[in-house]
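To start, the structure itself, in structure tokens.
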Amino acid sequence: MSKETNIHTVNCTAFQDQKPGTAGLRKKVAVIRQRHYLETYVQSVFNTLKLPAGSALVIGGDGRFFNPEAIQTIIQIAAANAIGKLIIGKDGLLSTPAASNLIRQQGAAGGFILTASHNPGGPDGDFGIKYNIANGGQAPESMTDAFFAASKVIHQYQLVELAPVDISKTGLQRVAGIEILIVDSVTDYTRLLQELFDFDCMANAMKKGLSLQFDALHGITGPYATDIFCRLLGAPNSSVLNAIPLPDFGGGHPDPTPVDVPDLYQLALSSKSPDLLAASDGDGDRNMILLPGQMVSPGDSLAILLANAKSIPGYRDGISGVARSMPTSAAVDRVAQHLNIPCFETPTGWRYFCNLLDSGDIGLCGEESFGTGSSHVREKDGLWAVLFWLNLIATSGLSGNQILANHWRQFGRDYYQRYDYFIPDSSQADALFNELKLNAELPLVELKERQLKSIDNFTYTDPIDGSVSSNQGVRLQFVDESRIIYRLSGTGTSGATLRVYLQQLETNTTQHTNNPGDVLKPLGMLAARYARIEHYTGLTRATAII
Ligand code: G1P
Ligand code: ZN
């Protein structure tokens, strides 16, 4: 039976809500499972991209509920859209950084990554799909805007009806005229990390007693972490917690923050703390680094990785430049200044780093939301960040806390916190934000609490392709170098989340034992008063402080 004769055209009505956010299309499972929903979106992507016949695509996901069904659907639509080859992680599993690596390594035209990152999974949880391009990074904003536009007018899609393809065994098969290559999810990614880090040095340090506790939160990183930490570095199996990926992440919220991983955080605060503790999220791109007694704030982590990069084999020749998302703390800026390399400030979302990584202008980048990465892939990479810290501790012979203290002594310390306000009625969030945007256009007002230096609504012009992204967050800069930033989340699946980012620089090293929560409380209160959060939403306190 020829491939062409088997193609079915299915008529459908366009959905109007398939707008990709900061990290692709993300919806409640019940929404994604509606008849024709996933199909129309995937077809809209193909209609937009018009990939050459025979193109190769990668498919994989974080193993959440609906992952297997979604993969079969994508296979059927890809087969009808002249795709020549599909490279799929065994059992449909690929961490987001591993998928990015596979796209690059296989020279694929792109790939579909099935994840809602750190959002809960299961039948009542969230699902997501994002398209990554040939460089391994997320489709740029102009492209996802085009997907959205196509999804609003689509009235039919094509598919080849197939019996479910067996994706549980590695190897090549030919189905409906396309090649399907099932690959081990872990091998290539592990090999990539072995090229960057000094595994012998880390294994030796672990043999001598350096201890690690990693929590995979029943997300995708379990198999990767077990391979790297246990098989290659000799850590005991007990050093990887919750290592089996589960469709509902065991009912938890797979987000590596002290709030969502309280047991690990408490272990770090206890007298029994291992030398390094870490967790990653559902799809493996985020990282939380804990040391005995404290968490390393993601902004500090990025700054420290940059400051010490030359002691890691993969970065021995130095870093050309660095980038951080606008709300991320300015800790890395001072290191870049010290190293005399450029530091770029981009909108929130990893995709804004990708042009700079491709051009070689930057070698490291990060976000306050527990995301750090480098040019080795085009996604942030949780396990990469953990290995970076482990390698730093192992080669320097210093404890993580010593590394952190030395850093603050040399560069100063940025106290940093994010207040998240969950607002069920998103129209309230819009009204609040509209007032903030308006304020950003008016002359500066005087605040009784502290002196404002400037206020604006961040606009970014990509230095490589000139594209402009406006309305990326309202920021208040104060004369004393402290800062408040407001933005609305682009990854939620219901209501709205107002994110308020607080930062205050402290250069007096004797003050460094302070708790960020105490230091930043006045700034948090000012932020709430300035934005009239209670007036618009009725909320008198943040839903979460991270
Ligand atoms: C959040 C983070 C952002 C990150 C994104 C995807 O987006 O804030 O830094 O890139 O998740 O992991 P938000 O919900 O704030 O739009
Ligand atoms: Zn993620």
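For ligands, and for the atoms within them, numbers begin at 1 and follow the listed sequence.
Within a 6.0 Å sphere centred on CD of Q34, heavy atoms belonging to other residues, nucleotides or ligands number more than 12.
Each side chain to side chain donor-acceptor pair (under 3.5 Å) pair with one or both residues in residues 427-437, not counting sequence neighbours, appears once here: D425-S427, E435-R532, E435-Y536.
The atoms of ligand 1 that sit less than 4.0 Å from any heavy atom of S369 are 2 (C), 3 (C), 4 (C), 8 (O), 9 (O). Here is the list of ligand 1 atoms found below 4.0 Å of a heavy atom in G349: 10 (O). Every atom of ligand 1 with a heavy atom of R499 under 4.0 Å away is listed here by number and element: 8 (O), 13 (P), 14 (O), 15 (O).
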What verdict does the side-chain contact (heavy atoms from CB on, under 4.5 Å) test give for L196 and Y315, after you've listed the backbone C-alpha separation in whole Å, the side-chain angles of each residue and the deciding distance to 0.1 Å? CA-CA 7 Å; L196 297 174; Y315 307 95; 3.6 Å; yes
Evaluate the ring-ring contact (aromatic ring centres under 6.0 Å, His included) criterion for residues F15 and Y37: first the C-alpha distance (whole Å), next the side-chain angles of each, then the deciding distance (0.1 Å), finally the verdict. CA-CA 7 Å; F15 293 89; Y37 194 93; 4.6 Å; yes
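Between S117 and ligand 1, a contact under 3.5 Å exists for no N or O pair. In terms of polar-atom proximity, S489 is counted as a contact of ligand 1, with an N or O under 3.5 Å from an N or O of the ligand.
Among R487, H118, K380, E367, the residue whose heavy atom sits closest to atom 6 (C) of ligand 1 is K380.
Residues S44 and Q18 bring no donor and acceptor atom of their side chains to less than 3.5 Å of each other. Of the N and O atoms on the side chains of E379 and N132, at least one donor lies less than 3.5 Å from an acceptor on the other residue. For the residue pair R499 / T348, no side-chain donor-acceptor distance below 3.5 Å is found, with atom types taken as modelled. Looking only at atom types and distance, the side chain of Y189 has a donor-acceptor partner in the side chain of D381 under 3.5 Å away. Side chains of D281 and S117: a donor on one and an acceptor on the other come within 3.5 Å. In summary, the side chains of D465 and S467 do present a donor paired with an acceptor at a separation below 3.5 Å, with no hydrogens or angles considered. Under 3.5 Å, the side chains of E141 and Y352 contain a donor-acceptor pair of N or O atoms.
Distance from atom 1 (C) of ligand 1 to its nearest protein heavy atom, with residue and atom name: R286 NH2, 3.6 Å. With hydrogens left out, the protein atom closest to atom 16 (O) of ligand 1 is G490 N, 2.6 Å, a heavy atom. Nearest non-hydrogen protein atom to atom 7 (O) of ligand 1 is T491 CG2, 3.5 Å.
Of all protein N/O/S atoms, those under 2.8 Å from the Zn ion (ligand 2) are S117 OG, D281 OD2, D283 OD1, D285 OD1, and waters are not counted.
Within the 4.0 Å heavy-atom criterion, the part of T348 lying near ligand 1 is the side chain and not the backbone.
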